[in-house]
Amino acid sequence: MEDAPAEQRHIPVMLGRCLDLLAPALDTPEPVVVDATLGMGGHTHAMLERFPSLRVVGIDRDPQALELAGARLARFGSRFQGVHSTYDHVADAAALAGVERVDGILFDLGVSSLQLDERERGFAYSFDAPLDMRMDSHAQLSAATVVNEYTEAELRDIIYRWGEDRFAPRIARAIVAARAQAPLRTTAQLVDVVRSAVPAAAQHKKGHPAKQTFQALRIEVNEELDVLERAVPAAVETVRVGGRVVAMSYHSLEDRIVKQEFARGARSTAPKGFPVELPEHRPSLTVLTRGAERATPEETEGNPRAASARLRAVEKLRETTTPGSVR
């Protein structure tokens with residue numbers, strides 16, 4: 001499967017719903033969308049097919065993903081541009097397209113199918129590979145560095161905060177003890193250490209016992225939540241009035257950031273007891289989804305990665321900054 005074309009290696013999650021949510025904002029002569037998490041280009045391919053006048057700028061930090069997506073989308077010519085960057089740089093992507101405001105922005109967050117399927121990347125706990133987990137293969141920090149060089153306190157904090165694992169102190173202690181004997185170099189070695197630290201009765205209550213530790217390391221290595229905390233407000237500012245931001249997340253930490261930023265923009269900022277709501281106090285966003293939408297049972301059955309997806313979307317009601325000021 002690793003040698004198969006991109007379209008056979010990745011099934012975009014909630015594809016139809018994402019496009020339907022973006023569609024009203026793309027009813028313009030020359031619409032522009034930023035696909036902030038390009039991956040293997042599944043969502044972008046579908047957008048370019050459905051909206052003939054659309055241009056898409058696709059962002060990805062993974063050079064391999066950009067190469068695969070670029071080959072897949074080559075037939076669309078100048079309607080697609082790929083950018084090697086992180087998804088908080090949506091304003092720079094808009095500038096690349098020659099505009100200050102775009103019509104839509106799409107986030108499909110988390111680890112991609114490509115990264116999970118490429119065993120040597122070390123994202124998966126289900127088979128042995130080097131401890132890597134870098135979304136950008138050119139980045140310096142890897143999971144091996146975190147596991148072997150962070151202090152026990154730092155490891156405990158990461159696993160507790162980013163992995164939401166109540167056994168974080170035990171896992172951190174076990175990692176430090178194991179690496180004192182020999183450095184941990186592979187995913188299988190780390191899985192064994194985590195398994196030894198988690199009580200047997202709790203090992204399968206949340207799936208694989210190493211799942212949360214691997215999530216925590218991946219987030220730390222790639223600064224995922226730090227980038228996302230910058231990316232969501234940047235996206236809200238970079239869409240035009242009437243434009244839409246659609247975001248899909250796969251765990252509660254991501255979803256919380258998206259939810260809070262969308263909710264902040266959807267609230268009035270008028271002081272309590274203020275007799276009149278001034279234009280600058282009115283909400284800048286309207287929420288288009290009722291809570292977090294989930295994939296249908298039919299989609300989840302055909303695409304297991306859709307099971308944890310949470311989809312939220314907003315439309316921009318008014319400007320809050322001067323165009324061109326967001327960078």
Side-chain angles (χ1 to χ4, degrees), residues 6-7 9-23 25-26 33-51 54 56-62 64-66 68-70 72-73 80 82-90 93 102 104-117 123 135-136 215 218-219 222 224-225 227-232 234-236 238-239 244-259 261-262 288-289 292-296 299-300 302-314:
E7 56 270 26
R9 297 173 62 180
H10 172 58
I11 304 172
V13 174
M14 299 181 74
L15 177 60
R17 183 59 176 148
C18 288
L19 268 59
D20 288 346
L21 284 165
L22 287 168
L26 307 186
V33 164
V34 175
D35 184 345
T37 48
L38 178 65
M40 285 187 279
H43 286 98
T44 287
H45 184 274
M47 285 190 284
L48 292 170
E49 286 272 11
R50 177 167 166 179
F51 307 106
L54 177 68
V56 176
V57 181
I59 300 173
D60 208 290
R61 66 172 80 188
D62 188 336
Q64 187 180 2
L66 283 169
L68 285 167
R72 178 181 188 179
L73 302 169
F80 169 73
V83 185
H84 182 221
S85 189
T86 50
Y87 44 70
D88 51 337
H89 290 121
V90 289
V102 298
I105 297 176
L106 174 66
F107 292 97
D108 184 7
L109 300 166
V111 64
S112 74
S113 299
L114 168 65
Q115 290 154 351
L116 285 172
D117 292 341
F123 284 97
M135 291 181 175
D136 183 348
Q215 173 181 296
R218 194 196 79 219
I219 290 172
N222 298 290
E224 290 178 52
L225 299 184
V227 174
L228 184 59
E229 285 178 344
R230 298 190 296 269
V232 182
V236 167
T238 304
V239 292
R244 295 185 168 197
V245 180
V246 176
M248 229 174 347
S249 56
Y250 296 85
H251 59 75
S252 60
L253 297 170
E254 292 173 336
D255 184 56
R256 190 178 305 142
I257 292 170
V258 173
K259 177 184 177 181
E261 185 62 30
F262 284 0
L288 302 170
T289 48
E293 294 187 6
R294 308 299 293 260
T296 64
E299 179 177 358
T300 300
N303 184 10
R305 288 174 182 165
S308 58
R310 300 173 175 94
L311 179 65
R312 298 182 187 271
V314 290

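In this structure, the separation between NE2 on His43 and CG on Leu48 is 13.0 Å, given to the nearest 0.5 Å. Note that CZ of Arg294 is 8.5 Å distant from OG1 of Thr300, once rounded to the nearest 0.5 Å.
Considering only residues two or more places apart in sequence or on other chains, Glu299 meets the salt bridge (charged side-chain N to carboxylate O under 4.0 Å, His left out) condition with none of them. Listed by chain and number, the residues in a salt bridge (charged side-chain N to carboxylate O under 4.0 Å, His left out) with Arg310 amount to none (sequence neighbours excluded). Applying the side-chain hydrogen bond (donor to acceptor under 3.5 Å, both in side chains) test to Glu254 and every residue at least two apart in sequence or in another chain returns nothing. With sequence neighbours left out, the side-chain contact (heavy atoms from CB on, under 4.5 Å) criterion links Leu66 to Leu38, Asp60, His84. With sequence neighbours excluded, the residues forming a side-chain hydrogen bond (donor to acceptor under 3.5 Å, both in side chains) with Ser85 are His89, listed by chain and number. The side-chain hydrogen bond (donor to acceptor under 3.5 Å, both in side chains) check on Glu229 picks up nothing, with sequence neighbours excluded. Residues that satisfy the salt bridge (charged side-chain N to carboxylate O under 4.0 Å, His left out) test with Glu261, not counting sequence neighbours, are Arg264. Arg256 meets the salt bridge (charged side-chain N to carboxylate O under 4.0 Å, His left out) test with Glu164; sequence neighbours excluded. Every residue two or more places apart in sequence or in another chain that forms a side-chain contact (heavy atoms from CB on, under 4.5 Å) with Ala313 is listed here: Leu21, Val246, Leu288, Thr289. By the ring pair (Phe, Tyr, Trp, His ring centres under 6.0 Å) test, His45 is found to be paired with Phe76, residues two or more places apart in sequence or in another chain being considered. The side-chain hydrogen bond (donor to acceptor under 3.5 Å, both in side chains) test applied to Gln215 returns no partner, not counting sequence neighbours. Evaluation of the side-chain contact (heavy atoms from CB on, under 4.5 Å) rule for Ala46 yields Leu15, Leu19 as partners, not counting sequence neighbours.
Between Val57 and Val83 there is a side-chain heavy-atom pair separated by less than 4.5 Å.
No donor-acceptor pair closer than 3.5 Å links the side chain of Arg312 to the backbone N or O of Phe262. Within the 3.5 Å criterion, the main-chain N or O of Thr37 finds a donor-acceptor partner in the side chain of Asp35. Side-chain atoms of Asp88 do not come within 3.5 Å of backbone N or O of Val227 as any donor-acceptor pair.
Asp136 and Arg61 are not joined by a salt bridge, as no carboxylate oxygen comes within less than 4.0 angstrom of a charged side-chain nitrogen.
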